[in-house]
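Following: one structure in structure tokens, then a few remarks.
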Protein chains: 2
Amino acid sequence: MAAGTDKPVQLEPIEMARTAEQRFEDYLQSRGMRNTEQRKNLIKLVFSSHEHFDADQLMEKLPAKGDAGYVSRPTVYRALSEFVDAGLLRKFELDGRSVYEHDYGYPQHDHLYCSKCHSLIEFQDDRLKEIRKKVAEDHHFQDRSHRLIITGICQPCRQSRRRKRRPVDLI
Amino acid sequence: MAAGTDKPVQLEPIEMARTAEQRFEDYLQSRGMRNTEQRKNLIKLVFSSHEHFDADQLMEKLPAKGDAGYVSRPTVYRALSEFVDAGLLRKFELDGRSVYEHDYGYPQHDHLYCSKCHSLIEFQDDRLKEIRKKVAEDHHFQDRSHRLIITGICQPCRQSRRRKRRPVDLI
DNA sequence: TTGAATGCAAAGGATTTGCAGAGGC
DNA sequence: GCCTCTGCAAATCCTTTGCATTCAA
């Protein structure tokens, strides 16, 4: 995308007929599951920004134990799994932990991953679709999804080779 | 554990000036490290076939505890890490575990991953190189490696599903 | 009311680490 | 002999599970 820019290009959310919350409610409804306070808190938090995050980071954004709005760790894990199942989030693994990102209402993209500061930069390249299609056909493979991560050193880290840059929390 | 079975190799090894063992010896030498029996056993085993494997699968191929040639689990993990560092193996994550494959003497490739039987199928597409190059340039990113995994259902799994369809619940 | 969901504690599974003894070089 | 390496046990890290209680519908 836009060459000549320093900042990572931000992808634009897709226009949606239903909000993530609405879609999740449908999901719950259709399975006889309940729309609890915890699930409401989590989905609100998760969709309040489109950063990548892991379970730990999500926990840190929640109110502390004892305060209103607190959600326990097991419940966080259970909810993340439901969000993925409902098509709201996508999950992938990085350095041995699970990382989540918005799926619903967000365009397909892939990532550059800085092995120094652990930041993730999104990019889009439509040629990938073609490759995927051709390879799947060649192997009579029914493709459902793909994940491409290009690892290296991001621009800020290349420039400040000596300066210690605080790694972006979390991946 | 044990996932990621493999198909017979389809890609041809590259002609090498030095064997993996030789290269590893250089690596050890240059760092004042020792070429122990354990490391020799492991490298021989690892390069005796082209399959993808995880630490557990490698352990299972080793002689049992008490028998000659046994290597303990911590040593296996330490060695795998060294092999990666020495450029002999490449490591990636699948379903929460670390999976290894030959790097030295093996051409760049990517994978189709069957979510049903967990097999990994290798493929090559040179257009990926171009995409990687362009994206890296656009973002002033110094790319070092990439990993593309296309997930779906492999041909054998697609066929077996059609043949023996699960009957509708009777009762 | 009633079964699903939560929080707690504890378990699990993969991988790593501290350390005393073994063994390359 | 020096110093790295190994194996053992135990620790860590992330994630999941069993269960009694709480709560949405």
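The model shown is predicted, which means the values in this text are computed figures rather than measured ones. The chains referred to below are lettered A, B, ... by the order of the sequence lines, with proteins before strands, and numbering in each begins at 1.
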Would you say A:Tyr100 ends up clustered with A:Val71 if hydrophobic residues are merged whenever their side chains have heavy atoms under 4.5 Å apart, either directly or through other cluster members? yes

Please tell me if the side chains of B:Ile121 and B:His111 come closer than 4.5 Å, counting only heavy atoms from C-beta onward. no

Whole angstroms only, please: what is the CG-P distance between A:Asn41 and C:dT6? 11 Å

Where the side chain of B:Glu93 meets the backbone of A:Gly96, is there a donor-acceptor pair that is under 3.5 Å apart? yes

Those residues at least two apart in sequence (or on a different chain) that pass side-chain hydrogen bond (donor to acceptor under 3.5 Å, both in side chains) with B:Arg144 are none

Any side-chain donor near an acceptor of the partner, B:His52 and B:His102, under 3.5 Å: no

Do A:Arg97 and A:Asp56 meet the salt-bridge criterion of a basic N to acidic O distance under 4.0 Å? no

Given the rule in the side chain to side chain donor-acceptor pair (under 3.5 Å) test, do B:Glu101 and B:His109 qualify, once you have shown the distances and angles that lead to the verdict? CA-CA 11 Å; B:Glu101 66 177 1; B:His109 61 272; 3.0 Å; yes

Distances under 3.5 Å only, N/O to N/O: pair up the protein atoms with those of nucleotides 15-19 of chain C.
residue : atom : partner : partner atom : Å
C:dT15  : OP1  : B:Ser98 : N            : 2.9
C:dT15  : OP1  : B:Ser98 : OG           : 3.3
C:dT15  : OP2  : B:Tyr77 : OH           : 2.4
C:dT15  : O5'  : B:Tyr77 : OH           : 3.4

Output the rounded distance in Å from CG (A:Leu80) to P (C:dT6). 12 Å

Which residues in residues 31-38 of chain A have a heavy atom closer than 4.0 Å to any atom of DNA chain D? A:Arg34, A:Asn35

Counterpart residues, ring pair (Phe, Tyr, Trp, His ring centres under 6.0 Å), relative to A:Phe141 (two or more places apart): none

Ring pair (Phe, Tyr, Trp, His ring centres under 6.0 Å) partners of B:Tyr77, counting only residues at least two apart: none

Parallel, tilted or perpendicular: which describes the rings of B:Tyr27 and B:Phe24, with under 30° parallel and over 60° perpendicular? parallel

Can you give me the first and the last nucleotide of DNA chain D (5' to 3') that has an atom within less than 4.0 angstrom of a non-hydrogen atom in chain A? D:dC14 to D:dA25

